[in-house]
Amino acid sequence: MKSYKELPNDAGSNIIGQVTAQADRLQKRLASVKHTVAIMSGKGGVGKSAIAANLAVALTLRGNTVGVVDADINGPTLAKMMGVRNATLEYTPAGVKPAVAGLGTKLISMDLLLAEDDTPVLWNAHTQKDAFTWRSTMEVGALREFIADTVWGELDYLLLDLPPGSDRLPNVAELIPNLGGVVVVTIPSEVSQLVVKKSVTMARDVLKVPIIGVVENMAFYVCQHCGEEEPLFSADETLDDAFQQVLLGSIPFDPRLARCSDTGIPYIDEYPDTPASKALIQVTEKIQNFFDEKTQRSL
Amino acid sequence: MKFLCTDCDTAMKFKDVTRPEQGSVTALFECPDCFTEIAMYLNPSETQMLKSLDLKLGGNNEAAQPMQLVRSQLETAKGESMPNEFSPEIASSETTEGGKCPFTGVISEAFQEEPEPTEPTGPVWSAEALERLERIPAFVRPMAKMGIESFAKENGHDEITGAIMDAARGNFPAQF
Ligand SMILES: Nc1ncnc2c1ncn2[C@@H]1O[C@H](COP(=O)(O)OP(=O)(O)OP(=O)(O)O)[C@@H](O)[C@H]1O
Ligand SMILES: [Mg+2]
């Protein structure tokens, strides 16, 4: 009787071939992307998405072609923050045309596919219990398709706004083996830093993904009347030494930034001279330098 | 997964797969030498696993459609994001379930449940006949059901009973 190895294939299903074809599709698309950057944090609500949206705008204003993947499948916010919530995706044989924000930044987000404001992401399954069991697998599949099946064209930067926590990073690292680097966002509170440290270790030591640096968000508050800087969190909650060494910038809390995020207006373009915009531009420059130096080194 | 015809010592080949019934699908494999067929039943979890990974039994001969997993498996997708005038072959395919993605029928046809008929189109089945129908192997059941229904219709019966199944039986190889 023939052994497993002697049988030519899996009776014609070619499961390995199907998986390889998925990976090929992804790599083909990524071939026209110069740099991929994941924006993440172990903690929720620290401003990852607001920062991703503004970095995308800053990079665009500096002459780059930029695409953004809203990798937060269940809590997508970027379509709103980038002012393209009403965009209708266009499907072509080459792929799905992304939403394009005012300044030309491209976006793909689950939000563009959901029916109503209050519609959650639910997957087809025999029972909803099955759907929940397989949820994570579906989400990774969705993320793969978002990257692979969007007609990005030639991109200088593809930013990925990750959901809170570090669970999604291993999937991203697997989908994008040459991930350019990670920008980690924290707020000054010890609680946030405690969690964010874990995700940095995960990224750097376990997944071996390059850390571009840390952004300290809501670092302080600038009085709009006298210009005085006040700490937003407790005054003795300073940034951990390990974070200081790779600090890309400290972004103050600015209510106008929150308002711009809510109304889909690019803050950095609307208020270019505020301390927060200047800090965001500094972060953008450092990210660009990171990749410029990397390119130099590889020459 | 590989299958061997132990009589011929030959690798069996994929032949067909049914749509899911209560979440499980049946795949048919055939020996290319002696044409013996075997049926493999996937339970709902196994079916769901393939579906979630966007993999198909029997291989995937069609070119991948953009975002096919999201578009076929996202239950809560908005209608307009699922165009049906995408390409000729898709435009001509039917929507299998009202209000859901028109791609569903094409993309993971093998994984979609039989659509619920909106109104009874055929004759009524008696409880006994239904029970006997259940005993027919899943992969031939739809065919058998259609055959019995058209037999009943041709012979002017509104209800399918055990007796009508017996009468129709002569036309079918399957035992029921
Ligand atoms: N520097 C800032 N100044 C003022 N408001 C800010 C600032 N950074 C973020 N925000 C606001 O804080 C809120 C939370 O930010 P955001 O949604 O970007 O966080 P997040 O880390 O992406 O959250 P999640 O973990 O849920 O993805 C938003 O309303 C955003 O506009
Ligand atoms: Mg977010």
Side-chain angles (χ1 to χ4, degrees), chain A residues 1-15 17-19 21-22 24-25 73 88-97 108 110 112-116 119-128 130-131 133-146 148-151, chain B residues 1-4 6 9-15 17 20 22-24 27 29-30 40 44-45 47-60 63-83 85-87 90 100-101 103-104 108 111-113:
Chain A
M1 201 165 94
K2 285 199 180 84
S3 71
Y4 179 85
K5 279 202 170 143
E6 286 170 299
L7 294 198
N9 56 32
D10 54 357
S13 287
N14 192 14
I15 296 291
Q18 290 185 52
V19 173
Q22 290 178 353
D24 285 351
R25 232 158 85 208
I73 305 290
T88 305
L89 294 175
E90 194 189 325
Y91 296 84
T92 73
V96 178
K97 289 194 182 164
I108 189 80
M110 192 53 115
L112 301 168
L113 287 142
L114 294 172
E116 305 282 341
T119 308
V121 172
L122 290 180
W123 300 100
N124 273 329
H126 181 51
T127 63
Q128 262 315 308
D130 286 341
T133 308
W134 287 95
R135 211 176 163 83
S136 179
T137 311
M138 299 277 209
E139 286 167 16
V140 177
L143 188 53
R144 172 179 53 75
E145 291 193 335
F146 279 2
D149 294 348
T150 302
V151 187
Chain B
M1 260 173 313
K2 297 177 180 181
F3 299 94
L4 182 78
T6 46
D9 203 27
T10 304
M12 293 188 112
K13 287 214 158 66
F14 172 83
K15 193 173 178 206
V17 64
Q22 281 148 16
S24 72
F29 296 86
E30 183 186 63
M40 177 181 73
S45 301
T47 306
Q48 184 65 41
M49 179 183 77
L50 284 174
K51 203 164 113 166
S52 306
L53 292 165
D54 196 25
L55 298 172
K56 287 172 190 64
L57 276 179
N60 191 0
Q65 298 292 336
M67 294 195 196
Q68 61 182 24
L69 172 75
V70 171
R71 292 199 283 173
S72 62
Q73 302 306 326
L74 182 64
E75 182 141 346
T76 45
K78 67 174 162 189
E80 70 186 52
S81 62
M82 310 291 167
E85 286 171 10
F86 174 75
S87 68
I90 282 165
K100 277 197 188 159
C101 166
F103 275 79
T104 318
S108 46
F111 289 131
Q112 294 305 314
E113 296 276 344

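Chain naming here is simple, since letters A, B, ... match the order of the sequence lines and numbering starts at 1 in each.
- Under a 3.5 Å cut-off, the side chain of A:Glu145 and the backbone N or O of B:Val70 do form a donor-acceptor pair.
- Smallest separation of non-hydrogen atoms from A:Trp134 and B:Met49: CH2-CG, 3.2 Å.
- When heavy atoms are compared at a cutoff of 4.5 Å, B:Phe29 approaches chain A solely by way of its side chain, counted from C-beta outward.
- Checked by atom type and distance alone, the side chain of A:Gln18 pairs as donor or acceptor with a backbone atom of B:Lys56 at under 3.5 Å.
- Between B:Gln65 and A:Asp149 there is no side-chain heavy-atom pair separated by less than 4.5 Å.
- Considering OG1 of A:Thr127 and CD of B:Gln22, their distance stands at 12.5 Å, rounded to 0.5 Å.
- Listed here is the closest heavy atom pair of A:Leu7 and B:Lys2: O-NZ, 3.1 Å.
- A:Thr92 and B:Pro66 get closest at one heavy-atom pair: O-CG, 3.4 Å.
- Residues B:Arg71 and A:Tyr91 meet the side-chain proximity criterion, which asks for heavy atoms closer than 4.5 Å.
- In this structure, the side chains of A:Gln22 and B:Leu55 come closer than 4.5 Å at one or more pairs of heavy atoms.
- With a threshold of 4.5 angstrom between heavy atoms, B:Ser52 approaches chain A through its backbone and through its side chain.
- Neither the backbone nor the side chain of A:Arg135 has a heavy atom closer than 4.5 Å to any heavy atom of chain B.
- Nearest heavy-atom pair, A:Leu122 versus B:Thr76, reported as atom, atom and distance to 0.1 Å: N-OG1, 3.1 Å.
- Rounding to the nearest 0.5 Å gives a distance of 6.0 Å between CG of B:Leu4 and CE of A:Met1.
- Remark: B:Gln73 CD to A:Asn124 CG distance equals 5.0 Å, nearest 0.5 Å.
- Here the side chains of A:Val19 and B:Leu53 are not in contact, with every heavy-atom distance at 4.5 Å or above.
- Between atom CG of residue B:Asp54 and atom CE of residue A:Met138 there is a gap of 9.5 Å, rounded to the nearest 0.5 Å.
- Looking only at side-chain heavy atoms (C-beta outward), B:Leu74 and A:Met110 come within less than 4.5 Å of each other.
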